[in-house]
Amino acid sequence: MATHPATVLGLPKPDWAGDDVAMLYDMAEKFLDAEIAPRYEEFEKAECFDRASWKKAGEAGLLCASMPEEYGGSGGTYAHESAIIEAIGHVGVDGFGISLHNSIVAPYILHYGSEEQKKKWLPKMASGELIGAIAMTEPGAGSDLQGVKTRAEKDGNHYRINGSKTFITNGQLANLIIVVAKTNPSAGAKGTSLIVVETDEVEGFERGRNLDKIGLKSNDTSELFFNDVRVPTSNLLGHEEGQGFIQLMQQLPQERLQIGAGAIAMIERALSLTIDYVKERKAFGKAVIEFQNTQFKLAELKTEATIGRVFYNDCVARHVNGGLDPVTASMAKYWLSDLQNKIVDECLQLFGGYGYMNEYPIARMFRDARVQRIYGGTNEIMKLLIARSL
Ligand SMILES: Cc1cc2nc3c(=O)[nH]c(=O)nc-3n(C[C@H](O)[C@H](O)[C@H](O)COP(=O)(O)OP(=O)(O)OC[C@H]3O[C@@H](n4cnc5c(N)ncnc54)[C@H](O)[C@@H]3O)c2cc1C
């Protein structure tokens, strides 16, 4: 019988993974196995999901699980989001961009939106009618977000937005985009604001290329152009302009933690697939697992994965209780994504030539893993943030 990624490390369930979290994990896994996995190749080739899959995910309760019920969510916490992200990684449909929608975009609206904004947008995000994206990065501003040039100028009771963004996840499908823009270019970080653009409602918004990536093919990543896009001033997130940087800083721990969630889930899947493979594959008249090198290598990887999982679980426990500091979240992002790349690479090696063939999932994991060290703040930027605490 195949080794299940959720049990490959043989660890007890953490306290935050109570019955309801476990039930959501099972439900998510069943849904992804039945509805997404059979069509995943099609989405990888199309380099995009379809809207129908988002709507189905909404019906299955996989969108906005941590948003309050009064706004169409399921009233859960980050632990519930973690269950969904882990199911995505364990089933191996990593390109399904719902975790960004759920645990990055929706929380900005919940935490900084007015009652009216929450009522307007969150229920539609929970149903999949609105697909979320966050547009920070620009061709000339990635790590150094203070260099953002996109401008939002007040024009009566509207903003006029001009600028271009790049590398935006869900960029081809998203119809609710949180845009990081300068409302006062002379005020530095204090002149930055977050403004929601509902793309179906405006003129002057254009999607650029769906960018050709080395991995995460089924996840659309795009350029976006804003040419005199007019949105009501009531689309500003927060009570006043200039709060954008503070809002971004406050939400980054969860963004970084969810990258860690994807990392640990893929690590567990890589290990389970590899353990199964080396038990089957024969060389020199015996199973590959019988070589001491294979045993030692897998013993090392399982040990490191266990350290990673224990650290991740501790971060979630702290986060659910409101106590995950940005420095520890940065450690989780950088260390778990580095570990993911290392473990996937070592696992691929144990598949020999088959590991390099796209028909073997480990090959796709190798390509998909790489970006984890880059987005959400590069691992170098994570180290800068950690170093500031020394
Ligand atoms: C697949 C994918 C999806 C993405 N999704 C989104 C999204 O949804 N929304 C969004 O806004 N962005 C998104 N991004 C953008 C991502 O967050 C940026 O690519 C990332 O922050 C790095 O910015 P950059 O590419 O401009 O690199 P640069 O900032 O140009 O960095 C180049 C190199 O210099 C290093 N470097 C930069 N500054 C320092 C420093 N001070 N000290 C040491 N080293 C430094 C970096 O670590 C890196 O190695 C995505 C990117 C990818 C690839």
Side-chain angles (χ1 to χ4, degrees), residues 43-44 47-49 85 94-108 131-150 161 163-182 189 192-197 199 207-226 237 244-245 247-249 251-252 254-256 258-259 262-263 266 329-330 333-335 337-338 340-341 364-388:
F43 299 142
E44 284 276 291
E47 302 196 353
C48 200
F49 266 67
I85 300 168
D94 303 83
F96 197 10
I98 62 173
S99 44
L100 176 116
H101 170 98
N102 285 339
S103 35
I104 300 178
V105 181
Y108 277 105
I131 295 179
I134 180 154
M136 300 181 251
T137 308
E138 299 183 358
S143 301
D144 183 9
L145 270 184
Q146 303 220 19
V148 160
K149 294 258 183 311
T150 296
I161 303 179
S164 51
K165 298 285 180 180
T166 194
F167 300 152
I168 306 308
T169 298
N170 298 338
Q172 291 291 310
L173 288 179
N175 46 3
L176 181 145
I177 302 177
I178 299 178
V179 179
V180 178
K182 286 268 163 77
T192 305
S193 302
L194 306 186
I195 299 172
V196 172
V197 175
T199 63
R207 300 177 202 273
R209 289 175 299 153
N210 186 9
L211 299 164
D212 181 13
K213 309 188 294 297
I214 60 176
L216 282 184
K217 288 288 197 184
S218 53
N219 190 223
D220 47 317
T221 306
S222 303
E223 300 168 321
L224 303 176
F225 302 106
F226 300 83
L237 287 181
F245 252 94
Q247 293 164 341
L248 288 167
M249 293 310 131
Q251 294 309 308
L252 283 173
Q254 175 150 315
E255 175 167 2
R256 291 177 176 153
Q258 63 117 29
I259 292 175
M266 185 185 281
S330 301
K333 192 275 170 179
Y334 121 68
W335 196 78
S337 62
D338 268 9
Q340 171 187 15
N341 277 265
R364 182 152 70 211
M365 292 159 89
F366 181 76
R367 290 190 281 108
D368 290 352
R370 186 61 184 85
V371 74
Q372 291 259 100
R373 289 159 58 196
I374 298 169
Y375 59 21
T378 66
N379 285 5
E380 292 72 33
I381 296 298
M382 296 305 105
K383 289 177 199 174
L384 272 182
L385 298 174
I386 298 161
R388 282 188 199 144

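Ligands are counted one by one from 1 in listed order, and the atoms in each one are counted from 1 as well.
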What is the nearest protein non-hydrogen atom to atom 20 (C) of ligand 1, stated with its residue, atom name and distance?
Ile374 O, 3.7 Å
Suppose we screen for ring pair (Phe, Tyr, Trp, His ring centres under 6.0 Å). Which residues come up paired with Phe167, at least two apart in sequence or across chains?
none
So which heavy atom in the protein is nearest atom 10 (C) of ligand 1, and how far is it from that ligand atom?
Thr137 OG1, 3.3 Å
Keeping Glu44 on the side-chain end and Ser218 on the backbone end, is there a donor-acceptor pair under 3.5 Å?
yes
Counting from 1, what ligand 1 atoms have a heavy atom of Ile168 closer than 4.0 Å?
7 (C), 8 (O), 9 (N), 10 (C), 11 (O)
Using a plain distance cutoff, I'd like to know if Thr169 has any nitrogen or oxygen under 3.5 Å from a nitrogen or oxygen of ligand 1.
yes
Does any N/O atom on Asp144 come nearer than 3.5 Å to any N/O atom on ligand 1?
no
Could you check Val105, Ile131, Ile134, Val197 and say which one makes a side-chain contact (heavy atoms from CB on, under 4.5 Å) with Leu176?
Val105
Which residue owns the protein heavy atom closest to atom 2 (C) of ligand 1, what's the atom, and how far is it?
Tyr375 CD2, 3.7 Å
Phe167 versus ligand 1: do any nitrogen or oxygen atoms come within less than 3.5 Å of each other?
yes
The atoms of ligand 1 lying under 4.0 Å from a heavy atom of Ile134, numbered in the order shown, are 7 (C), 8 (O), 9 (N), 10 (C), 11 (O)
Considering only protein heavy atoms, which is closest to atom 1 (C) of ligand 1, and at what distance to one decimal place?
Val371 CG2, 3.5 Å
Do Ile168 and Thr221 make a side-chain contact, defined as non-hydrogen atoms from C-beta onward lying under 4.5 Å apart?
no
Within the 4.0 Å heavy-atom shell around Met136, which atoms of ligand 1 are there?
10 (C), 11 (O)
Please work out which of Ala133, Gly132, Gly142, Ser143 has its closest non-hydrogen atom nearest to atom 28 (P) of ligand 1.
Ser143
Near Gly376 (heavy-atom distance under 4.0 Å), the atoms of ligand 1 are 17 (O)
For the pair Glu138 (side chain) and Thr150 (backbone), establish whether a donor and an acceptor sit closer than 3.5 Å, ignoring hydrogens and angles.
yes
Would you check the N or O atoms of Thr378, main chain and side chain alike, for any that come under 3.5 Å of an N or O of ligand 1?
yes
Check each atom of ligand 1 against the heavy atoms of Lys213 and keep those under 4.0 Å away; list them by number with element.
1 (C)
Kindly say whether Arg370 contributes a backbone atom to a donor-acceptor pair with the side chain of Gln340 at under 3.5 angstrom?
no
Just need the protein heavy atom nearest to atom 43 (C) of ligand 1, so name the residue and atom and give the distance.
Glu380 CB, 4.2 Å
Are any side-chain N or O atoms of Lys333 and backbone N or O atoms of Gln372, one a donor and one an acceptor, separated by less than 3.5 Å?
yes
Are side-chain heavy atoms of Asp338 and Asn379 found at a separation under 4.5 Å?
yes
Answer yes or no: does an N/O atom from Thr166 fall short of 3.5 Å to an N/O atom of ligand 1?
no
Which residue holds the protein heavy atom closest to atom 39 (C) of ligand 1, what is that atom called, and what is the gap in Å?
Ile381 CD1, 3.8 Å
Under a 3.5 Å distance rule, please check whether Lys165 uses its side chain to pair with a backbone N or O of Gly171 as donor and acceptor.
no
Checking the side chain of Asn341 only, and the main-chain atoms of Ala369 only, is there a donor and an acceptor separated by less than 3.5 Å?
yes
Within the 4.0 Å heavy-atom shell around Leu384, which atoms of ligand 1 are there?
40 (C), 41 (N), 42 (N)
